[in-house]
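Single-structure report; data block below.
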Protein chains: 2
Amino acid sequence: MRADAKRNYDRIIEVAREVFREQGYDASLDEVAKRAGVGPGTLYRHFPRRENLIDAIMQSWVDRVTEAADKALAHEGPPRALLVAWFEAYVALISLHKGGPAKITCAIEDPESPIRTKCQTLTAATDRVVQRLEAEGALRPGVDAVQMCRLVGGVATVADQGNLDPAAVGPLLGVVADGMLV
Amino acid sequence: MRADAKRNYDRIIEVAREVFREQGYDASLDEVAKRAGVGPGTLYRHFPRRENLIDAIMQSWVDRVTEAADKALAHEGPPRALLVAWFEAYVALISLHKGGPAKITCAIEDPESPIRTKCQTLTAATDRVVQRLEAEGALRPGVDAVQMCRLVGGVATVADQGNLDPAAVGPLLGVVADGMLV
DNA sequence: ACCTGAACACCGTTCAAGT
DNA sequence: ACCTGAACACCGTTCAAGT
């Protein structure tokens, strides 16, 4: 990659991070280009789809996911507490940007999605929790990590799009947890 | 309302029903106006917000909701079967149009939403199921109709936006049901 | 009182012309 | 090889001019 191209590429990501933080993942790409001081064509050359840009934004995010899973698994306690702790971390992680819960949850198990590797990190982390609970015999037969991601992602999506009071989210996650434990 | 206004009003609803069936609730309102043979201003005069038009579309829908609740409640059987039957009917009812699950679920408990009366019908129907299960002592303490609507609505939203295989939805509803029953 | 449709603002996307 | 920015298509929304 040429030096000026690399500079533009980095600058777009930097600015997009800022714009998406302020306005969510559905923010105008035109504004990203403007703030980055590049033409719209340059943005499209580097990131043909919005999800490609989102994927680039999420690079450092994968570390936070595995760290959160580590932290949740380190907790010694009853299965329900572990599961609920992971659910809350999960919701927080995918809700960092407005529009995130829907985008991420819809991309799960979609091989065509540009953010599929990020979703795989998320399902893999969830699967570690599943494995632990399964080993303890705490999980209902038939439940798996993908189901968990979809259910918790669904709760996060509703909370995100409906501007739900954070206090209303906990009980919903509790129901999901109870439905997955023996 | 003047005769020609009434004629336009009815025609817009008729055409919108068709367009929304084909393309979902996020379809272009410009196309609705064009197909109805009215100017965009006329559409906006009658329906200042998209949700006002959706609300008009949903008029006959409320009967289907109460009928579905009647039918679910008529079933004699174990609590879980009743609950899952209602969940499946609920998902079907809000998924008639693409974009419906998100729109409807986000409007629940939102007093500002133009479709709030439709959501109230939905929560009221769900509450009838809740009352029945509560009387049988089958429900976990603390769960209510609004939580149910949000959880099942979340599942429907994920299924709708992520083009989920219908076969994958049933197990998710099963988890939610198990989480709400003793 | 109601309708029309031009007009505006905004956004995503493309591509010919430049360097 | 890469960038620019004009240009296009589309959409929601408004409003002055008409009837």
Side-chain angles (χ1 to χ4, degrees), chain A residues 1-57 97-100 102-103 106-107 112-115 161, chain B residues 1-57 97-100 102-103 106-107 112-115 161:
Chain A
M1 197 183 283
R2 227 167 61 180
D4 55 344
K6 167 82 172 135
R7 204 177 341 109
N8 278 332
Y9 181 89
D10 291 339
R11 177 112 184 85
I12 288 169
I13 291 177
E14 186 188 347
V15 166
R17 206 184 301 271
E18 187 181 297
V19 173
F20 287 163
R21 182 158 26 84
E22 289 171 15
Q23 309 179 20
Y25 280 147
D26 295 320
S28 158
L29 297 183
D30 222 55
E31 178 157 345
V32 173
K34 272 206 186 68
R35 280 207 217 176
V38 302
T42 304
L43 193 151
Y44 275 84
R45 157 172 287 269
H46 288 302
F47 309 99
R49 288 173 56 177
R50 177 184 295 268
E51 272 73 17
N52 293 115
L53 182 51
I54 294 178
D55 185 66
I57 300 288
H97 300 86
K98 187 143 187 70
K103 281 247 153 56
C106 288
E112 304 297 317
S113 171
I115 62 169
Q161 296 179 355
Chain B
M1 194 184 285
R2 227 166 62 179
D4 55 344
K6 167 85 172 133
R7 202 171 350 105
N8 278 334
Y9 181 88
D10 291 340
R11 178 112 183 85
I12 288 170
I13 292 177
E14 186 188 348
V15 166
R17 206 183 301 270
E18 187 181 297
V19 173
F20 287 162
R21 182 158 26 83
E22 289 170 16
Q23 309 180 20
Y25 279 147
D26 295 319
S28 158
L29 297 182
D30 223 57
E31 179 158 344
V32 173
K34 271 206 186 67
R35 279 206 216 176
V38 302
T42 303
L43 193 152
Y44 276 84
R45 156 173 286 268
H46 288 302
F47 309 99
R49 289 172 54 178
R50 178 184 294 269
E51 272 73 17
N52 293 114
L53 182 51
I54 293 178
D55 185 66
I57 300 290
H97 300 86
K98 188 142 187 69
K103 281 248 154 56
C106 290
E112 305 296 317
S113 170
I115 62 168
Q161 296 180 356

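Naming: A, B, ... by sequence-line order, numbering from 1 per chain. Being a predicted model, the structure only gives us computed values, none of them experimental.
A salt bridge is absent between A/Asp26 and A/Arg50; no separation between the charged side-chain nitrogens and carboxylate oxygens falls under 4.0 Å. Taking 4.0 Å as the cut-off between side-chain N and carboxylate O, A/Arg35 and A/Glu22 count as a salt-bridged pair.
Remark: C1' of C/dC2 and CG of B/Leu43 are 14 Å apart, rounded to the nearest angstrom. In this structure, A/Asp10 atom CG and D/dC2 atom C1' are separated by 15 Å, rounded to whole Å. Rounded to an integer number of Å, the gap from A/Arg11 CZ to D/dC3 P is 14 Å. Going from atom NZ of B/Lys34 over to atom P of C/dA6 covers 11 Å, rounded to whole Å. Atom CZ in B/Arg45 sits roughly 5 Å away from atom C1' in C/dC2 (whole-Å rounding). C/dC2 atom P lies 8 Å from atom NE2 of B/His46, rounded to whole Å.
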Could you walk me through whether B/Asp10 and B/Lys6 pass the side chain to side chain contact (heavy atoms under 4.5 Å, CB included) check? CA-CA 6 Å; B/Asp10 291 340; B/Lys6 167 85 172 133; 3.2 Å; yes
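Atom CD1 of residue B/Ile57 and atom CD of residue B/Glu14 lie 10.0 Å apart, to the nearest 0.5 angstrom.
Taking each heavy atom of A/Tyr25 and A/Gly100 in turn, the nearest pair found is CD1-CA, 3.6 Å. Residues B/Asn8 and B/Val38 approach most closely at OD1-CG1, 3.4 Å, considering heavy atoms.
Taking the side chain as every heavy atom from C-beta outward, A/Thr42 and A/His46 approach each other to under 4.5 Å. At a threshold of 4.5 Å between non-hydrogen side-chain atoms, the residues A/His97 and A/Lys103 do not count as touching. At least one side-chain heavy atom of A/Leu53 sits under 4.5 Å from a side-chain heavy atom of A/Phe20.
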Intra- and inter-strand pairing of DNA chain C, written as dot-bracket with Watson-Crick and G-U pairs under 3.5 Å and | for the latter, reads ||.|||||...|||||.||
In B/S/- notation, 5' to 3', how is nucleotides 7-19 of chain C contacted by protein heavy atoms closer than 4.0 Å? ----SSBBB----
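Considering only side-chain N and O atoms, A/Asn8 lies nowhere under 4.0 angstrom from the phosphate OP1 or OP2 of D/dC2.
Comparing C/dC3, D/dC2, D/dT4 by their nearest atom to the side chain of A/Val38 picks out D/dT4.
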